[in-house]
Structure formats: C-alpha cells, structure tokens
Amino acid sequence: MKFNIKKIPFYVLGLLLMFTACETEETLILTEPEADFELLAPSISNINLNYNLPENIAFTIAWNDDVTNSDAYTIEMDVNSLFESPIMLGTSTGNTFSMTVDEFNQILIDNGANAFEPFTVFMRINSGNVVSNSVSFSVSSFAEAPPVVAGIDNTFSVVLLETTPDDEAITVTIEDPDFGDASSVDVIYEVQFGAAGTDFDPVQTVSPADGEMFVSMTHTEFNELALAIGLNAEEASNLDVRIKATIEMDGGNMERFSDVITIEVTPFSVELAPILYVVGAGAVDAGWSWDNPVELPLQGTKYSGNINLINDAFRFFEIESDWSSGLNYPFYEAVGYTIDSNLENANDGDSNFRFVGTPGQYFIEIDTEAKTITLGPPVVGPNCNFDQLWMVGAGVVDSGWSWDTPVALPCTGNGTYSGNVALTNDAFRFFTVNSDWGTGINYPTYEGNGYTIDAQFNNANDGDSNFFFNGTPGTYFVTVDDINKTITVEPEQLQCEFEQLWLVGAGVVDAGWSWDTPVALPCTGAGIYSGPVALTNDAFRFFTVNSDWATGINYPTYENDGYTIDSQLENANDGDSNFFFNGTPGTYTLTLNTVAKTITLE
C-alpha cells in the first residue's frame, strides 16, 4: 500500500524528528561564521589616470576586518602577486583608503610603468603581522618625466661654414624615459631653438622624420635657422635648445618640455656684398694693390663688369682693402659654382683664380643664384641685367593692362633703369621681358630685397601686390637702381620731341625688319636719345612711332639736317636709303643728340 505522509499526524512527525535529533546529538556542532580580514574586490578592473585632473581620486579600496580590530593599517602594492618587494602606498585608521591621480601616477612611473600603457598592480592590507587577501587591477599612467636633450650638451660649439654646405652641423637626439620602446602612444616631438635668454621668443622649430628620435641639420640648414632667430653672422652667439613633447587628447593636449641646453653657434653671412673687388696680376688694370681694384657691382643677384685679363692670378674680395675678405677658387668650387673653363685654380699659396684664355677684355659675370662664373665679350655702354624694364598697368597712362604699348624703362647706367613715365593713381608692375606676364616684379619683391622705395609708390594690396602710384598724376622721371637698391620718382628731367625713338632693321640684331620686337632708344637727356644696341653689318632705320612705317627717318634726312654721323654708320644706298652699320658687330651705346646734332657709337 502507499504511504501517505500527509496522513501522519503532526505529533507523530514531531516525535520522529526528536528521536532523530537525539540519535545525532553527539555529531552536530553549531558554530558562528569564521572571522575574516578581507580586502574587497574593486568595482572596476581598469583605471585610466587623467593628467588633466591630478587632484581627483584615482581609486578607493575598502576592507572588512573581523580579525585584528585594528585602527592602524598599511596599504601595500606590488607588481606581482607574491609581494616579494611590497611598496607602501599609505596608512589608514579606518577600513578605506584613497589616493589622488597625481600621487598614484608618480608611484607607478617610479616603479616601472610605461606612460599610457596598461600596467597590472596588486594591493593588500597589512595590520601588524596579519595581511589581507590581495586584489589586482590594470592601470594606465601618464608621463611625468620631461623629455631629455641628448647628443649635445652645454659644451657644444659649432662654426658654420659656407664651404661645407651639406656637411652635418648638429644632431639633437630625443630621449623620453617614461615611454617604452614598444609604446603605441603617438607623441609629437619638436626640437626648439631660440636665442639665449629670450625664453624661445621668437622660436624656430624642427621636427624629426617619421619614426625617428633625432633631428640633424647641415651647415646650410642650421645657418638659415640661426640667422632667422636673429644671431649675427660671423659672430659667436649662444643658442638655447629644448625638446617639446605633445600628446594630443580630447581633454586637452599634454605638453612636456625638456631642460634647456645652451650651445655656441657662429653663423656665416648670406648677405651679398654690394661690390666685388678684383685684385691680382691677372687683372692687369688692378695688380696686387688696392690702388685700382676692378669693381664688379651687384645687380639683383649678379656681379658683373668688363675686365682686362692676362695669364696670371687674381682673387675676388668682398671688402675693399681687406685681404681677409678674399674669395678664392676653392671657395666657389666648394659652394657649387660652375666656373668658366678659361679660369682655373692657380694652385699657388692662396689657391687664387688663374686666367688661361686669350689675354684681352672680357665681360665677367658672377651669378649667385645660378651659381656660375662666366666670361663673355665686353659690353659697350651701360651694363644692366636687362636692356630695359617694362612697365604695364592702369597706373602707367601710356600702357594700361596690355602688351600693345608697354612703356620701356631703359638701362641708362650700370645697374640703373630710368626714364620719363606718365603716371596716374592706379596700379602697375615692372616686367623683365616684353609680353611675358610671368616675368613681373611686384612691390613686395623689391621691398623684400631691401630696396628703398619712393613714398609716392605703395603696395596696391590687390591680388598681385602691384605698385600703386599715390602722387599727383603727371609725368615723372622714374629710376630703378639695382646697385644702390632704390626706386625713385623725380620731376620730369628731359625734354625730347618723343619719349623714345624706335630702331628696326636687319642691322639691329634684336629687332630685324619686324614690329614684333623693335628696339627702343629712349630720351635720356634734353634732346638726347641713347641706349645699348646690338648691331651687325646690315641696314636699319629710326622711327618716331612704334609700328608705323611712315614715321621712319633715314640716313639722308639726318645728313641733310646737318648731323655729324659716326663713321661706323653710312648710307645703305638701298631703296630707302637706310642706315648701314659697317663696324665690328657687337653691342654699342648709340646716342642721337638732337641739340648737338650728332649720332655716335661708343
């Protein structure tokens, strides 16, 4: 039959339990819960310390202590669970302990944590000789130590040399002790330079290449930096160096700076002397004396002039009467110049230049931009980099913004362009090549090259930063002097019937029988037209109006008006009785004086 416990009377069930209890009374032990000393597990297992909140609480730990009932606890940390070398974080009289971000970060860094990389730590509580269990969590610290300048120190000194432009001048190595070699943190490093004692104001900054922990500069690069900071050329000066380390973060960039290192630097000058002087037996008109040096004035970036040479030695000098300012053959060779084959190293005690070509007069040009030294046929008449400058723009009345009638400003002296120009209150620009917009020279270009510019001109501040004439509209004598670096506006100086005469014909090399490139002979004095003209043995004619054949003036017209005409010019006796040049082909200064009634070639 089935046994149904539901039908057992309650008192019977109670007797059964009682008897059972009696039977087990000797083995049943009733105890209280075991006392413990337990460090509670933290609520989070990963902590990212925020350097922007250094006084915030980094963590709080709590524990239960039913064992010691102490009021003096020591909180210990170790980097491994065995606590072989525990670090004391602090003490507590209660059962909790907290530490600020800044305090905890410093302890982590001091004990081998790499900045911004997870670092596992273990903590426990010590009370006398009793220790709790340990708990662990991962912490990401931030950098505390500044970066370090290495590779140079306060004893570093360098003299920068123009003759070794590509040699290494300085290498600054960057060390960052809080970051491990395998750090994945993106740190932006910069090496900063400033004049000593200026607190890096102004500052010049150089960044290492991607993945590199150093900055290296050549003599040329470091010289450019030193001069940009304000150090004086040819003078030993102190330069401060430091490293800036930046970590870009959403909460604000973290910046650290190294200690400052002070070094000594002597830059070289990149300023071009206004004149190069030639002295030496090879420059026959000078000799080894400062009585009559040959002068080569600077025009823009070129030194040039005529020079008589014989097969002997000479040298260039930057300062008159100063033998120590000499620039010899190896100097130009070292800085990358291509030197004319008629010049070689004299291999004497000073490694001067030696001329080995045919003795005679030459036009010598030292182009500091192209880095060339060349010898060519002598130049007759004024010497400029260009035969004329061209003026185009609405501010130049006779031109406007068109190449139909550009106004020529001819070379009227060594490095000097000048002439009368009708100006109005508007913009214009100078050009070196007719019809070529790409050859324009605007206001900031002249200003940046050190030119003193007449107050009647200012920067137009238009899209091209052209010149703007702000004076009283009228005709003025404008001069651009490339040697003295001036642009002047003066009262009209000359009175000629025409602003210029025009030369066209096969005898004028740069013109030919076409109006595409007529050669202008500008008015340069009262009734005088003069300028350089390249002539060859053929015919040409003067014209008073550009592109108008009907305004031509031939040989008989001037002859019948009583002009004395240079013997190198004669009647071509062709159908138009043009002029014919019968002299040695070359460039001459052609002057037509309507007052003295002469036409001369020099």
Side-chain angles (χ1 to χ4, degrees), residues 297 299 304-306 379-392 396-399 405-423 428 430-432 434 454 474-505 508-511 517-535 540-546 551-553 558 561 563-566 568-569 579 581 586-602:
Q299 300 176 51
S304 60
N306 291 331
V379 171
V380 178
N383 166 31
C384 297
N385 287 335
F386 308 97
D387 289 337
Q388 62 272 310
L389 294 179
W390 299 92
M391 300 173 68
V392 175
V396 179
V397 175
D398 298 322
S399 172
T405 55
V407 171
L409 202 65
C411 174
T412 54
N414 288 343
T416 302
Y417 306 87
S418 59
N420 282 330
V421 181
L423 298 171
F428 70 92
F430 294 100
F431 294 85
T432 59
N434 192 336
D454 195 288
T475 299
Y476 294 85
F477 189 71
V478 177
T479 301
V480 178
D481 187 335
D482 283 344
I483 294 177
N484 296 307
K485 292 190 173 183
T486 59
I487 299 178
T488 57
V489 179
E490 299 175 294
E492 186 177 8
Q493 291 186 3
L494 353 145
Q495 294 295 327
C496 294
E497 185 177 357
F498 308 99
E499 289 188 8
Q500 63 270 310
L501 296 178
W502 300 92
L503 281 75
V504 176
V508 178
V509 176
D510 299 321
T517 55
V519 171
L521 197 67
C523 176
T524 59
I528 299 173
Y529 302 89
S530 182
V533 181
L535 296 172
F540 68 91
R541 199 183 325 161
F542 295 96
F543 293 84
T544 60
V545 179
N546 191 336
T551 64
I553 308 174
Y558 284 107
D561 281 345
Y563 277 72
T564 299
I565 302 174
D566 195 286
Q568 296 177 89
L569 298 173
F579 283 78
F581 175 68
T587 300
Y588 294 81
T589 298
L590 193 162
T591 302
L592 193 155
N593 189 325
T594 62
V595 178
K597 291 194 173 182
T598 58
I599 301 177
T600 58
L601 292 174
E602 297 178 350

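The figures that follow rest on heavy atoms only: side chains count, while hydrogens, waters and symmetry mates do not. Bear in mind that the values here come from a model prediction, so they are computed numbers and not experimental data.
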Undergrad: Supply the atom-to-atom distance E492 CD to F477 CZ, rounded to the nearest 0.5 angstrom.
TA: 10.0 Å

Undergrad: Under a 3.5 Å distance rule, please check whether T517 uses its side chain to pair with a backbone N or O of D510 as donor and acceptor.
TA: yes

Undergrad: Between the main-chain N or O of V489 and the side-chain N or O of D454, is there a donor-acceptor pair closer than 3.5 Å?
TA: yes

Undergrad: If you compare all heavy atoms of G527 against all heavy atoms of C496, which two are closest, and at what distance to 0.1 Å?
TA: N-SG, 3.5 Å

Undergrad: Any non-hydrogen side-chain atom of T544 less than 4.5 Å from a side-chain atom of L501?
TA: yes

Undergrad: Checking T564 side chain against T598 main chain: does a donor-acceptor pair fall under 3.5 Å?
TA: no

Undergrad: Within the side chain of D566, is there an N or O that forms a donor-acceptor pair under 3.5 Å with the backbone of L569?
TA: no

Undergrad: So F540 and F579, would you call those rings parallel, tilted or perpendicular, with 30° and 60° as cut-offs?
TA: parallel

Undergrad: Under a 3.5 Å cutoff, is there a donor and acceptor pairing between the side chains of N383 and S304?
TA: yes

Undergrad: Assess the residue pair W502 and Q500 against the criterion (side-chain contact (heavy atoms from CB on, under 4.5 Å)); give the C-alpha distance rounded to whole Å, side-chain angles, the decisive distance to 0.1 Å, and a yes or no.
TA: CA-CA 6 Å; W502 300 92; Q500 63 270 310; 3.5 Å; yes

Undergrad: Assess whether side-chain contact (heavy atoms from CB on, under 4.5 Å) is satisfied between V509 and L535, documenting all intermediate values.
TA: CA-CA 6 Å; V509 176; L535 296 172; 5.8 Å; no

Undergrad: Taking the six-membered ring for Trp and the full ring for Phe, Tyr or His, determine whether the centres of F430 and Y417 are under 6.0 Å apart.
TA: no

Undergrad: Can you tell me how far apart CD (Q299) and OG1 (T416) are? Round to the nearest 0.5 Å.
TA: 8.0 Å

Undergrad: Rounded to the nearest 0.5 Å, what separates atom CD1 in I528 from atom SG in C523?
TA: 8.0 Å

Undergrad: So do P406 and F431 actually touch side chain to side chain, heavy atoms under 4.5 Å?
TA: no

Undergrad: Return the CD to CG distance between Q388 and L409, rounded to the nearest 0.5 Å.
TA: 9.5 Å

Undergrad: Between OG1 of T591 and CD1 of I599, what distance do you get to the nearest 0.5 Å?
TA: 10.5 Å

Undergrad: Look at the side chain of Y563 and the backbone N and O of A596, then say whether any donor-acceptor pair between them is shorter than 3.5 Å.
TA: no

Undergrad: Hey, do the aromatic rings of Y588 and F581 have their centres closer than 6.0 Å?
TA: yes

Undergrad: I would like to know whether T479 and I487 meet side-chain contact (heavy atoms from CB on, under 4.5 Å); could you show each step before the answer?
TA: CA-CA 6 Å; T479 301; I487 299 178; over 6 Å; no

Undergrad: Less than 4.5 Å apart, side chain to side chain, heavy atoms only: is that true for Y558 and I565?
TA: yes

Undergrad: For R541 versus I553, what's the shortest heavy-atom pair and its separation?
TA: CG-O, 3.2 Å

Undergrad: Of the options V407, L389, V421, N420, which is the one that meets V478 in a side-chain contact (heavy atoms from CB on, under 4.5 Å)?
TA: V421

Undergrad: With a 4.5 Å limit on heavy-atom distance, are the side chains of D387 and C411 in contact?
TA: no

Undergrad: How far does CD1 of I483 sit from SG of C384, to the nearest 0.5 angstrom?
TA: 8.0 Å

Undergrad: Indicate yes or no for a side-chain donor-acceptor contact from T589 to the backbone of G531 under 3.5 Å, with no hydrogens or angles considered.
TA: no

